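When reading the values below, keep in mind they use all heavy atoms of this one structure, side chains included, and skip hydrogens, waters and symmetry mates. What you see is a predicted model, and the numbers here were worked out from it, not measured in a lab. For the single chain, residues carry numbers from 1 onward in sequence order.
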Amino acid sequence: MKNVPQISDAEWEVMKVLWTKTPRTANEVIEALENQTDWKPKTVRTLLNRLVHKQAISFSQENRVYAYFPLVSEDECVKSETDSFLKRIYGGAFKPLLVNFLKEEQLSPEDIKELKNILDGKTK
């Protein structure tokens with residue numbers, strides 16, 4: 001796995017917009033986020049600049065218009081966040097996380113069947 005930058009919660013929201021459709025201009029990102037957040041346009045532009053600096057996104061420029069696109073996939077970021085969470089909370093061990101999840105969550109019969117199929121696939 002390539003080196004995935006650490007992305008804050010706010011930056012994650014910007015990334016989700018870019019993962020759904022890319023490239024997007026800053027104004028398009030601002031417009032996509034205006035119904036979900038109370039952020040000012042300057043805040044979104046700051047987040048875009050931070051993500052460029054972290055090399056999570058890049059841009060192409062045509063005249064004075066910047067079109068932003070992700071350099072890391074959503075799957076890569078999810079994997080990186082999952083690994084980070086496991087290391088911080090469970091010392092890197094997956095089993096305690098799974099046990100805790102299974103004890104606390106209400107699972108439907110479909111959820112249980114899907115989990116069984118995943119686990120059965122791991123033993124093959």
| query | Do Leu119 and Ile112 share a hydrophobic cluster, counting only Ile, Leu, Val, Met, Phe, Trp and Tyr and linking them when any side-chain heavy atoms are less than 4.5 Å apart? | reply | no
| With hydrophobic residues grouped by side-chain heavy-atom distances under 4.5 Å, do Val78 and Leu86 end up in a single group? | no
| task | Report yes if some heavy atom in the side chain of Met15 is under 4.5 Å from a heavy atom in the side chain of Pro70; otherwise report no. | result | yes
| field | Evaluation steps, side chain to side chain contact (heavy atoms under 4.5 Å, CB included), between Leu51 and Val14 | value | CA-CA 9 Å; Leu51 287 165; Val14 173; 3.7 Å; yes
| remark: Distance col, row Tyr68:OH vs Gln61:CD, nearest 0.5 angstrom, shows 9.0 Å
| query | How would you list all residue pairs meeting side chain to side chain donor-acceptor pair (under 3.5 Å) that involve residues 92-113, not counting sequence neighbours? | reply | Tyr90-Asn100, Ser108-Glu110, Ser108-Asp111
| said: Please enumerate all residues that pass side-chain contact (heavy atoms from CB on, under 4.5 Å) together with Val65, with sequence neighbours excluded. | reply: Thr25
| Do the side chains of Phe101 and Phe85 join up, straight or via other hydrophobic residues, at under 4.5 Å, putting them in one cluster? | yes
| note | Here the gap from Phe94 atom CZ to Thr82 atom OG1, rounded to the nearest 0.5 Å, amounts to 9.5 Å
| request: With side chain to side chain contact (heavy atoms under 4.5 Å, CB included) as the test, would you mind laying out the steps for Ile7 and Cys77 before giving the verdict? | output: CA-CA 8 Å; Ile7 297 172; Cys77 288; 3.7 Å; yes
| Would one find more than 12 heavy atoms of other residues, nucleotides or ligands at under 6.0 Å from atom CD of Glu81? | yes
| note | Applied to residues 9-33, the ring-ring contact (aromatic ring centres under 6.0 Å, His included) test, sequence neighbours excluded, yields Trp12-Trp19
| task | First locate atom CG of Leu115, then atom CG of Leu102, and finally report the distance between them rounded to the nearest 0.5 Å. | result | 6.5 Å
| request: Give every residue pair that meets the salt bridge (Lys or Arg N to Asp or Glu O under 4.0 Å) criterion with at least one member in residues 13-24, sequence neighbours excluded. | output: Glu13-Lys16
| Asp75 and Lys79: salt bridge (Lys or Arg N to Asp or Glu O under 4.0 Å), yes or no, with the steps? | CA-CA 6 Å; Asp75 286 344; Lys79 172 92 172 81; over 6 Å; no
| field | Gap between atom OH of Tyr66 and atom CG of Leu48 - 0.5 Å precision | value | 12.0 Å
| What residues, two or more places apart in sequence or in another chain, satisfy side-chain contact (heavy atoms from CB on, under 4.5 Å) together with Pro23? | Ala67, Phe69
| message | Could you measure the distance from the NZ atom of Lys122 to the CG atom of Asn117? Nearest 0.5 Å is fine. | response | 13.5 Å
| request: Walk me through it: do Ser84 and Arg88 pass the test side chain to side chain contact (heavy atoms under 4.5 Å, CB included)? | output: CA-CA 6 Å; Ser84 174; Arg88 278 191 335 268; 2.7 Å; yes
| request: Could you name each residue pair satisfying side chain to side chain donor-acceptor pair (under 3.5 Å) that touches residues 32-52, not counting sequence neighbours? | output: Asn27-Arg45
| Could you give the distance from CD (Glu31) to CG (Leu33), rounded to the nearest 0.5 Å? | 10.5 Å
| said: Count I, L, V, M, F, W, Y as connected when their side-chain heavy atoms are under 4.5 Å apart, and connections chain through other members. Are Leu107 and Leu98 then in the same cluster? | reply: yes
| request: Begin with the C-alpha distance, continue with both residues' side-chain angles, and end with the deciding distance and a verdict on side chain to side chain contact (heavy atoms under 4.5 Å, CB included) for Val72 and Ile57. | output: CA-CA 7 Å; Val72 291; Ile57 66 173; over 6 Å; no
| task | For residues 54-72, pull every pair meeting salt bridge (Lys or Arg N to Asp or Glu O under 4.0 Å), keeping only residues two or more places apart or in separate chains. | result | Glu11-Lys54
| Shared-cluster residues of Val99, by chain and number - hydrophobic side chains joined below 4.5 Å | none
